[in-house]
Amino acid sequence: MVKLKRMTGLCFVAGLGLVAGCPIVAADDNSALEPQGTYVPHTNTSQTLTLPGAEGTLTANVWRSSYVAQTGNALTWDWQVSAVYAGPRSVEWIRTQWYSQADLRNGASISMGVSGDSASASYSSSWQTVRTPSKYWTNNNGAKESDYRGNLVIGPAVDYRQGSIVTVNTASVKLAGDPKTYTISAGV
Amino acid sequence: MKRIRRWKERAAVLLAVCGALLITTGCGSQPAYENSVVIPKPSNDDEHVIEDPVDQRFVLYDEKKKAAVTWTNVPNEFVYNFSTPSDVYTIGNSLTNHFSIVRLANGTVKTLYVLPDQAHEAVFPLATNGRMTFFLLVHYRDDGTEVWRHIVRWDDDSKALLPFEYVDGAIEQGALVGRDLYYTVIRPDRSVWLYRVDGTRLNARPVLVSTRWAEGPLLACQGDLLTVRGHRLVYGSRLFPEGEVNLVTPNGILVQFDEDENALTTRADVYELRDGRRIGGAIDVEGVQWIQNGIRLDCKGHIETVFWSESGKSGAIHR
């Protein structure tokens, strides 16, 4: 598993499809993610919520590499998610929360590389939509962004229905002085 | 002149609040519409509704499967709780309002009160000791900007929210110490002012207690307010990390919910404030329910019950 977690600073250059110019704060092993500045073919989306009372915007970003790497029987994608608040208010906490799902069969499994997030199909030859448990990362240090990335692994490849992979990110924020919580989701 | 204008503003706000409340309570019945929030309903004896305090939602938990089977999942609809044990919550939509006060009892949710102005008002739990219950009532313009905030007291006899006459400002949090309601107000310079008002008298004048109160949760325990120092909760000589969600029971138990950095799910930690001892907790928490002198943590794959007593005896049950 490759896990890379940062408190701030993962940039989503969604329109250009680049993971470039963004400082990597901490990588905990030899990351299989593309080196900075390298073009990574991917699919991505962003959804933005305009908060009431001109308090700013909350954006949910989700990104998954287009090319799936096959090693033996395993299929691997890179993925990234983030929640970004843009506005004048201080942030009490900001959270990014994600899961993936795919059509699997014959006991095949899916994992997004986080402890305890593996899910499996039953031992049946019919296709079933299998979803990973939802996981989240919260920043409550005043940062206006929360992000996470990792590798998504499905295996065996023969029991994955091609094109059925979906990754969903839900961004939530609590602003200082506003009693309400806000949320927006995006999926690819 | 300034005083007259302030008096006029107060009178206008009071009239608006009372008028709005009379629309419902004066007619003797609540509006017929349901909550906008879709609350899961148990379909068998193994399922019951619990509260997830981190995701701020009601969860339908299956005791046999030991897993959450569904939850309130309409975007921007959230559940708000008191920072003391209570079966009363408020629910509403952050974009459209439609707020209600509800009670979660015996695994199901019942509506206690629907705000009369569904489009422009929101209500949030402020403080309760089970006998007196206070909420923060916020009024918005059509564009979502705030007009005013008020502290209101729930009157169980008339099923009405009664406003305090002299309490206003950007009220944020509250805590009860005896009959005194302490509350914080965020000032334009972002400083936090602490006030105290007699919770039994709606015409009581607030007393300014501090102009340098720290940001963070406002919690009370056995006659004292906890203070916050550098993201730590201070009670006597004991220090506790500030959790994402912090709750204190009347007999001095601190219950905290946070993200578990390994599992990336919710963890709960239960401490005795008096001696700082951790008496229980769990990870993979899907939701909680208060029980007599304890809390039940319904988790993915297991259930943990942490209990305590007035005498200080405590323990945990795992199943």
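Remember, it's a predicted structure, so these values are computed and weren't measured experimentally.
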Notebook entry, point to check: Counting heavy atoms not belonging to B:Arg141, are there more than 12 under 6.0 Å from its CZ?
Noted result: yes
Checklist line | Between OG on residue A:Ser115 and CD1 on residue B:Ile283, distance to nearest 0.5 Å | finding: 7.5 Å
Next item on the list: Heavy-atom distances under 4.5 Å only: say whether A:Glu55 touches chain B with side chain, backbone, both or neither.
Entry: neither
Next item on the list: Heavy atoms only: give me the nearest B:Gly144-A:Pro52 pair and the separation to one decimal.
Entry: CA-CB, 4.0 Å
Next item on the list: Can you measure from CG (A:Asp178) to CD (B:Glu172) and round to the nearest 0.5 angstrom?
Entry: 9.5 Å
Check: Going from CD on B:Glu259 to CG on A:Asn139, what distance comes out if it is rounded to the nearest 0.5 angstrom?
Finding: 8.5 Å
Next item on the list: Taking the side chain as every heavy atom from C-beta outward, state whether A:Ser172 and B:Gln56 have any atom pair closer than 4.5 Å.
Entry: no
Note to self: Looking at A:Lys174 and B:Glu244, is there a salt bridge between them, counting it only when a charged N and a carboxylate O are closer than 4.0 Å?
What the structure shows: no
Next item on the list: Would you kindly say whether A:Tyr136 and B:Thr265 are connected by a side-chain donor-acceptor distance under 3.5 Å?
Entry: no
Checklist line | CG on A:Leu49 to CG on B:Asn76, rounded to 0.5 Å | finding: 5.5 Å
Check: Are B:Asn93 and A:Lys180 linked by a side-chain donor-acceptor pair shorter than 3.5 Å?
Finding: no
Item checked: Interatomic spacing from CD in A:Glu92 to CD in B:Glu215 - rounded to 0.5 Å -> 8.0 Å
Check: Where does B:Thr266 contact chain A at under 4.5 Å (heavy atoms): side chain, backbone, both or neither?
Finding: both
Check: Does the side chain of A:Asn140 reach to within under 4.5 Å of the side chain of B:His231, using non-hydrogen atoms?
Finding: no
Notebook entry, point to check: Which heavy-atom pair separates A:Pro179 from B:Val138 by the least distance, and what is that distance?
Noted result: CG-CG2, 4.4 Å
Notebook entry, point to check: Ion pair present between B:Asp260 and A:Lys135, side-chain N to carboxylate O less than 4.0 angstrom?
Noted result: no
Check: Where does B:Arg190 contact chain A at under 4.5 Å (heavy atoms): side chain, backbone, both or neither?
Finding: side chain
Next item on the list: Go through the atoms of B:Val54 and report whether side chain, backbone, both or neither lie under 4.5 Å from a heavy atom of chain A.
Entry: both
Margin query: Is any side-chain heavy atom of B:Leu264 closer than 4.5 Å to one of A:Gln97?
Written below: no
